[in-house]
Amino acid sequence: MDGSSALSDQTIEDSNMEVVGRVRNVYVWDMDETLILLKSLLNGAYAEAFNGLKDVPKGVEIGTMWEKHILELCDRSFFYEDIENYNMPFLDALSRYDDRRDLADYDFDQDGFKSPHDEENKRKLAYRHRVIANKYMQGLPALLDQETMKHWNELYDLTDEYTDRWLSSARAFLGQCSSREEDLKVSLTSSDGIGNHNDTTSEDINVLVTSGSLIPSLVKCLLFRLDNLITHGNVYSSWEVGKLKCFQWIKDRFNNSNVHFCVIGDGWEECEAAQAMRWPFVQIDPRPGSSHRFPGLTLRTLGYYLAVVYGSSDAENDEGKSSSDL
């Protein structure tokens, strides 16, 4: 990992944030059972919490459809059969091995890729990661035909209706947490995980740290319509390294006197990692009636958690937002 490059990138990022002149919030999100619902659909836990008001088998059926098609897209378009056993914490983890050759005529099926324990195979894995990044930036319409897109839209709407708008509410909230909802497609992070980003003009930002493996998590972002709100360079997999290590990378990447961090998730691991970093942690509770769920969670609520750790400025800023923003 190139420390001098990381320092240069960080210096540029720091100067950009100082120009902004206000606190920048970095929201660190868990994925499953936070931004999306999948495991609780598959095991029936989501529906059972409603004490008979939800059709449990229907929820299991919906979850099964998602699981099946996520894996199909991973295998068909994202080299998952090749690289399933070589999970990396972020897409650019091996970029220093990428010689940036033109891959237009590169034959991935015949390149002899094996376990990436030597430089040659690390380069081949880096090629695959570069293609995955480009596909993520192009978006789902570039990967699926119109009929399949129609099917996915119907499944999304069916799931959103079944979960009382959990998906669409979480997506809308991500938009509220960031300064802009569109045009957040940026280049890969640098090889040290600190980042070489073009999103420094955005005052607030969403970062995803998922306990799932990287490629299915990127596919979930695409299928659950989160890709224009969370860039591929802002997706971390803690599968191998743990959430605390990912949080440390994020702190190194964004840390500045004008930056506040907030973790939102449902699990013990992100809770313990947030406590170790001394960051506020907001625990998502999917049970009906909870305010820490979707719909329900607001920027004002996050502001209160931030104020406990950082002082009152975040709560005051969020209270100044219009009711339509909340």
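A quick note: this is a predicted structure, and the numbers were derived from the prediction, not measured.
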Which residues pass the side chain to side chain donor-acceptor pair (under 3.5 Å) test with [X], not counting sequence neighbours?
| X | answer |
| --- | --- |
| S290 | none |
| S211 | none |
| Y156 | none |

Parallel, tilted or perpendicular: rings of Y310 and H260 (30°, 60°): parallel
Ring geometry between F108 and Y106 (parallel below 30°, tilted from 30 to 60°, perpendicular above 60°): perpendicular
side-chain hydrogen bond (donor to acceptor under 3.5 Å, both in side chains) pairs, two or more places apart, involving residues 275-284: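 Of all non-adjacent pairs touching residues 275-284, none passes side-chain hydrogen bond (donor to acceptor under 3.5 Å, both in side chains).
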Distance, nearest 0.5 Å, that separates OG1 of T148 from CG of L140: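 Reported to 0.5 Å precision, the distance equals 9.5 Å.
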Spatial distance of atom CZ (F224) from atom CG (L35) [nearest 0.5 Å]: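 So the CZ of F224 and the CG of L35 are separated by 10.5 Å.
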Identify whether [X] and [Y] are in the same connected component of the hydrophobic contact network (ILVMFWY, side-chain heavy atoms under 4.5 Å).
| X | Y | value |
| --- | --- | --- |
| M65 | I70 | yes |
| V219 | L71 | yes |
| F294 | L53 | yes |

Residues that K135 engages under salt bridge (charged side-chain N to carboxylate O under 4.0 Å, His left out), provided they are two or more places apart: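 Testing K135 for salt bridge (charged side-chain N to carboxylate O under 4.0 Å, His left out), a comparison that skips the adjacent residues, returns none.
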Any residue meeting salt bridge (charged side-chain N to carboxylate O under 4.0 Å, His left out) with D160, in chain and number order, not counting sequence neighbours: none
Pairs satisfying salt bridge (charged side-chain N to carboxylate O under 4.0 Å, His left out), at least one member in residues 69-80, at least two apart: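 Passing the test, one end in residues 69-80: no pairs.
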Contact list for residues 30-52, test salt bridge (charged side-chain N to carboxylate O under 4.0 Å, His left out), sequence neighbours left out: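 Listed once each, the pairs are D30-K243, D32-K220.
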D227 side chain to Y136 side chain, donor-acceptor N/O pair below 3.5 angstrom: no
With sequence neighbours excluded, residues passing side chain to side chain contact (heavy atoms under 4.5 Å, CB included) with [X]:
| X | value |
| --- | --- |
| H151 | H69 |
| A45 | S40, N43 |
| D157 | R225 |
| D99 | R101, R123, Y127 |

Other residues, nucleotides, ligands: >12 heavy atoms within 6.0 Å of Q146 CD: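 Not buried by this count: 12 neighbours or fewer within 6.0 Å.
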Atom CD of E240 with >12 non-hydrogen neighbours under 6.0 angstrom: yes
Y27 vs L299 side-chain heavy atoms within contact, under 4.5 Å: yes
Residues L125, Y97; criterion side chain to side chain contact (heavy atoms under 4.5 Å, CB included); working and verdict: CA-CA 9 Å; L125 181 54; Y97 297 100; over 6 Å; no
Nearest heavy-atom neighbours spanning L167 and L37: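 Nearest pair, atom of L167 first, then L37: CD2-N, 4.2 Å.
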